[in-house]
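Structure record follows, encoded as structure tokens.
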Amino acid sequence: MEDAEILALFQARSEEAIRELERKYGRLLFTLAHRIVGTRQDAEECVNDAYLGVWNAIPPARPEPLLPYVCRVVRNLACKALRHRHAARRSSAYTVAMAELEPCLAGPDSAESAVAADELVRILESFLDALSAENRVIFLRRYWFADSCREIAARTELSEKAVTVRLTRLRQRLRDHLAEQGVFV
């Protein structure tokens with residue numbers, strides 16, 4: 001079933017919409033949540049909460065494309081669950097990936113005072129747009145989807161060491177890009 005048809009089911013308030021959403025994207029959504037929270041039960045709970053959130057949001061919202069919207073909902077719920085459960089501990093691939101990226105970005109208070117949140121988003125988008133397609137995939141697979149370097153290497157047919165080196169260089173390029181834009185970390 002196509003995304004437009006699933007959205008039409010949501011608009012019609014048909015419970016079939018959730019079943020079709022799960023049938024089409026359930027495995028991907030579970031994998032995304034599981035990479036962040038680290039446990040099957042918590043991942044399933046995040047995905048189910050996301051289905052409820054999407055059900056409550058549509059209508060009036062009509063997100064197009066549907067997949068990124070639902071992924072964002074799942075990711076946000078998984079991040080919230082992770083923060084709630086493990087405020088002081090590292091326990092998942094996601095927290096390790098974010099720890100790698102932490103030196104590139106300022107803390108929440110200094111980022112908000114230096115640049116408005118939407119301006120920071122624009123700067124990050126311009127950074128991603130300037131990357132080659134392969135580097136963009138590597139960066140997003142690591143820091144959005146929390147893939148391990150081994151998984152990224154298999155996906156891109158690079159060695160694990162090459163992925164690690166590229167990520168190091170990409171983080172440095174991000175720091176430089178932020179500094180050029182006046183965002184100091």
Side-chain angles (χ1 to χ4, degrees), residues 1-84 92-98 100-101 105 117-118 120-158 163 166-167 170 174:
M1 183 174 274
E2 295 298 317
D3 287 359
E5 295 170 300
I6 296 172
L7 283 170
L9 289 172
F10 273 108
Q11 293 289 341
R13 304 308 287 164
S14 170
E15 292 179 15
E16 185 65 23
I18 294 175
R19 284 189 285 279
E20 289 298 328
L21 185 63
E22 182 176 16
R23 192 173 296 128
K24 187 167 184 181
Y25 297 123
R27 189 171 176 181
L28 171 73
L29 299 174
F30 173 81
T31 301
L32 175 59
H34 190 265
R35 288 184 190 283
I36 295 170
V37 296
T39 66
R40 179 176 186 80
Q41 182 179 3
D42 289 342
E44 288 172 353
E45 186 174 330
C46 289
V47 172
N48 288 332
D49 288 348
Y51 292 149
L52 177 62
V54 171
W55 176 263
N56 290 333
I58 305 172
R62 186 163 174 84
E64 290 189 36
L66 179 62
L67 179 59
Y69 177 80
V70 179
C71 282
R72 188 180 71 219
V73 171
V74 168
R75 185 176 184 276
N76 288 345
L77 288 168
C79 289
K80 184 178 178 182
L82 183 67
R83 278 192 305 272
H84 182 265
S92 74
Y94 183 74
T95 53
V96 172
M98 290 301 100
E100 290 174 4
L101 200 54
L105 301 173
D118 56 343
L120 184 58
V121 168
R122 186 196 61 74
I123 291 168
L124 290 173
E125 286 174 347
S126 71
F127 169 75
L128 291 171
D129 288 343
L131 297 178
S132 69
E134 187 173 51
N135 282 342
R136 189 177 316 116
V137 166
I138 290 170
F139 190 87
L140 290 174
R141 292 305 310 181
R142 181 68 178 145
Y143 300 117
W144 177 262
F145 292 101
D147 284 359
S148 70
C149 291
R150 176 175 289 136
E151 291 166 327
I152 297 169
R155 182 180 293 270
T156 59
E157 298 179 359
L158 296 171
V163 169
R166 281 202 196 188
L167 286 168
L170 287 169
L174 176 59

Q) Would you say Arg13's side chain and Trp55's backbone share a donor-acceptor pair under 3.5 angstrom? A) yes
Q: Look only at the side chain of Arg166 and the backbone of Asn135, and say whether a donor-acceptor pair between them is shorter than 3.5 Å.
A: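 Checked: no pair found.
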(Q) Within a 6.0 Å radius of atom CZ on Arg62, are there more than 12 heavy atoms belonging to other residues, nucleotides or ligands? (A)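 Counting neighbours around CZ of Arg62, more than 12 heavy atoms of other residues, nucleotides or ligands fall under 6.0 Å, so yes.
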Beyond-backbone contact of [X] with [Y], side-chain heavy atoms, under 4.5 angstrom:
X     : Y     : result
Glu16 : Arg23 : yes
Ile36 : Asp42 : no
Leu28 : Cys71 : yes

**Q.** Trace of the side chain to side chain contact (heavy atoms under 4.5 Å, CB included) decision for Arg142 with Val163
**A.** CA-CA 10 Å; Arg142 181 68 178 145; Val163 169; over 6 Å; no
Exercise: identify the closest heavy-atom pair between [X] and [Y]:
X     : Y     : value
Val37 : Ala78 : CG1-O, 3.5 Å
Leu9  : Ala17 : CB-CB, 3.5 Å
Ala33 : Val74 : CB-CG1, 3.8 Å
Gln11 : Ile58 : NE2-CG2, 3.6 Å

Q. Should Arg35 and Glu151 count as an ion pair when the cut-off is N to O under 4.0 Å?
A.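 Looking at Arg35 and Glu151, the cut-off is met.
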Q. In terms of side-chain geometry, is the basic nitrogen of Glu22 or Arg19 positioned less than 4.0 Å from the acidic oxygen of its partner?
A. no
Q: Applying side chain to side chain contact (heavy atoms under 4.5 Å, CB included), run through Lys80 and Asn76 and close with a yes or a no.
A: CA-CA 6 Å; Lys80 184 178 178 182; Asn76 288 345; over 6 Å; no
Rounded to the nearest 0.5 Å, how far does [atom2] of [Y] lie from [atom1] of [X]?
X      : Y      : atom1 : atom2 : value
Leu21  : Leu66  : CG    : CG    : 5.5 Å
Tyr25  : Ile6   : OH    : CD1   : 6.0 Å
Ser132 : Ile138 : OG    : CD1   : 7.5 Å
Leu77  : Asn48  : CG    : CG    : 11.0 Å
Glu15  : Tyr51  : CD    : OH    : 14.5 Å
Leu128 : Trp144 : CG    : CH2   : 11.0 Å

Q: Show the numbers, then the answer: is there a salt bridge (charged side-chain N to carboxylate O under 4.0 Å, His left out) between Arg40 and Glu44?
A: CA-CA 6 Å; Arg40 179 176 186 80; Glu44 288 172 353; 3.2 Å; yes
Q: With side chain to side chain contact (heavy atoms under 4.5 Å, CB included) as the test, would you mind laying out the steps for Leu32 and Cys46 before giving the verdict?
A: CA-CA 10 Å; Leu32 175 59; Cys46 289; over 6 Å; no
**Q.** Pair Ile123-Phe127, side chain to side chain contact (heavy atoms under 4.5 Å, CB included): steps then yes or no
**A.** CA-CA 6 Å; Ile123 291 168; Phe127 169 75; 5.8 Å; no
Q) Should the pair Arg141 and Phe145 be classed as cation-pi, given the thresholds of under 6.0 Å to the six-membered ring centre and 45° from the axis? A)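 Here Arg141 passes the 6.0 Å and 45° test against Phe145.
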